Amino acid sequence: MVQEQIESANPPRSKIWGAPLLSKGEIAIKSASRKLRVDPTLYLMLLPAVILVAVYSYGPLAGLVIAFQSYDIAMGIRASEWVGLDNFRFLFKFPTFNQVIWNTVYISFLKLVVRFIVPIVVSILLNEIKRVKYKKAIQTMIYLPHFISWVVISGILISVLNPTDGIINGLITFFGGKPIYFLGDNSVFTGVLVVSDAWKDFGYGTIIYMAALTSIDSNLYEAASIDRANRWQKIWNITIPGIIPIMILVGTLSMGNLLNAGFDQVFNLYNPLVYSTGDILDTFLYRIGIDNAQYDIATAAGMIKSAVSLGLVSISYFLAYKLADYRIF
Amino acid sequence: MKIRLSTGEKTFAIVNYTFLTLLALLCILPFLHMLAISFSSSAAATAGRVGLWPVDFTTASYQYAIQKREFIAAFLVTIRRTLLGVTIDLAVLILTAYPLSKSNRELPGRTAISWIFVITMFVSGGLIPTYLVVSGTHLKNTIWALIIPGVVKAYYITILLNFFRQIPKELEESAVMDGASQIRVLLSIYLPLSLPALATLTIFDTVGHWNEWFSGMIYMSSQIKYPLQTFLRGIIVAPNYDLMDRTQMELMAKISSKTFQAAQIIIATVPILAVYPFMQKYFISGMMLGSLKG
């Protein structure tokens, strides 16, 4: 939007073209730009996307009204009975709903913290590696898990964490420990979620910091070396200040995700044994909505989540704009 | 400038190299472990004797996988949805980003139309209303359920339109002066100059379609129509899902074919690994396009 304002503040091009002698073509252009020649094909180009968005993005938004109905699929939205806030009352009285909200916030908060810190530390350490090829090789390996789906990663985790024949428990028993039932024990399940999430995405998270680090002026490091600064002093006084703006940006923007505890991951790893620590809003509303076909209640749950998330995202974008001068346009 | 390293510096370097090497290995060892299991005998795998190298080497699991009708069908569904999906996504993306990259003077109402798309980044109807719309438009049980609802991605539009804006206006103006239409300007000027951005978005979109499993699960009622990732979920994750107690779970883990699952995981992952070296060149620049714009 700001860009728009700058554009409109500049003189229109037609004024610049007001040269005394005009060729025939230039006259055509001049008069055309005065009339604000608009090519209708531009609107036609927008048509497919506008239709798709109208149906598949705004259609569901309108469909949110079923959160206030006792929705009957046979009768549809028009004939279903309106029940006001009953579905919301039902949810807040639902025995496990509070637990689900707590799990969601707790899991995603832990993930936010770990996902914030690990990429920063790894980037700073990577930056200390001077052999370019070696650095590239490490980067190639740590970016990889990001591109593999949670279905596949879950398959691998289920296999390696298996209590009887998984390699991790094999190692634990080899060193004299007792096998841990990672995916079925409430005391460790949250840990599995946080660690596997960090494992999958920490490498990808370093990309943005690595880009900021390469743009730090190398003269700063040389000047510091001449002043006999040691490595820690250089990291503390040059490297870290160089990435602080990105840290603020990443930190503030990630806050908008506080209610996204990671559906893809949890849904593919959890089971009824760990519902008390692992069940999150998205998995909860999936079971209510798709498994039990209670569309109205699941929609109400989704609506609570969307509303709170919208608030969080707005705050996070506002902070990112204030603190890091970030704009989406 | 060469500076002699002190002992402390040397120790740091050694520790740092070791740590990062271990960290990098940690990222790929799980895949190598699965690869080893997939080429091992069933007995060795269920006895937990396989580490990073196959034990009692055999390709039986792969032979079984490529003979299994459902697996092949799922693989083909994924290839189809990826090809169709990426083509349609890209076409609509280009057609949308181009007009929106114009100024309000060239396209009155541009800002208002942009907001239609931007809003979709922040609010959505959520799972159930979307499910009802997809059912209502009769996409269920067709491949279009995996494609059509997700064609418009506001985030991609933002990336591409910002890229289009960096292209010098003069090029377009001179072409228009020579009588070129807007379609012509888009095809002959904007697209050739946007190949890096388009390559990046194509790669992201391809990986997205390849990895997507959720819509297959909720919109397809028979397994034969599942895309690969949904199918994989069914054989790997779902068996654990409904089991209630530990003994049953352990039993299940024993009888389910560990090596066979590993082989299917590897087959599903190899295409990503195959394009990964080419991707690397682009996704870094793509991520920067996305996150540091404005």
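Every chain is numbered from 1 and lettered A, B, ... according to where its sequence line falls, protein lines coming before strand lines. No experiment lies behind these values; they were computed from the predicted model shown.
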*asked:* Between B:Tyr131 and A:Tyr286 (judged by ring centroids, cut-off 6.0 Å), do the two rings come close enough to count as a pair?
replied: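 No.
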
Engaged part of [X] at the chain A interface, taking heavy atoms whose separation is under 4.5 Å:
| X | value |
| --- | --- |
| B:Ile116 | both |
| B:Leu20 | both |
| B:Thr21 | both |
| B:Thr130 | both |

Judged by atom type as modelled, is there a donor-acceptor pair below 3.5 Å linking the side chain of [X] to the main-chain atoms of [Y]?
| X | Y | result |
| --- | --- | --- |
| B:Asn16 | A:Glu128 | no |
| A:Lys305 | B:Gly126 | no |
| B:Tyr276 | A:Thr140 | yes |
| A:Tyr56 | B:Val134 | no |
| A:Tyr295 | B:Leu132 | no |
| A:Asp165 | B:Ala47 | no |

What's the separation between atom [atom1] in [X] and atom [atom2] in [Y], rounded to the nearest 0.5 Å?
| X | Y | atom1 | atom2 | result |
| --- | --- | --- | --- | --- |
| A:Phe267 | B:Met217 | CZ | CE | 3.5 Å |
| A:Ser154 | B:Trp213 | OG | CH2 | 8.0 Å |
| A:Met45 | B:Thr96 | CE | OG1 | 10.0 Å |
| A:Ser159 | B:Gln261 | OG | CD | 7.5 Å |
| A:Ile167 | B:Arg49 | CD1 | CZ | 13.0 Å |
| A:Leu42 | B:Arg110 | CG | CZ | 12.0 Å |

Selection from [options] maximising heavy-atom pairs under 4.5 Å formed with chain A:
| options | result |
| --- | --- |
| B:Val207, B:Val92, B:Leu127 | B:Leu127 |
| B:Phe117, B:Phe12, B:Trp210 | B:Phe12 |
| B:Gly48, B:Pro99, B:Gly136 | B:Pro99 |

*How about A:Thr41 and B:Gln182: does a side-chain donor come under 3.5 Å of a side-chain acceptor?*
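Not at all, the side chains of A:Thr41 and B:Gln182 share no donor-acceptor pair under 3.5 Å.
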
Among [options], which residue has the highest count of heavy-atom pairs closer than 4.5 Å to chain B?
| options | result |
| --- | --- |
| A:Leu61, A:Leu269, A:Ile288, A:Leu44 | A:Leu61 |
| A:Leu46, A:Asn268, A:Val50 | A:Asn268 |
| A:Asp264, A:Thr299, A:Val313, A:Val122 | A:Asp264 |

_Restricting to non-hydrogen atoms, name the atom on B:Thr120 and the atom on A:Ser57 that form the minimum distance, rounded to 0.1 Å._
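Distance-wise, the nearest heavy atoms are CG2-CB, 3.7 Å.
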
*With sequence neighbours left out, write down each residue that passes salt bridge (Lys or Arg N to Asp or Glu O under 4.0 Å) with A:Lys200, or none if nothing qualifies.*
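In terms of salt bridge (Lys or Arg N to Asp or Glu O under 4.0 Å), with neighbours along the sequence ignored, A:Lys200 is linked to no residue.
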
*Sequence neighbours excluded, which residues qualify as ring pair (Phe, Tyr, Trp, His ring centres under 6.0 Å) partners of A:Tyr134?*
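Ring pair (Phe, Tyr, Trp, His ring centres under 6.0 Å) check on A:Tyr134 returns B:Tyr17.
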
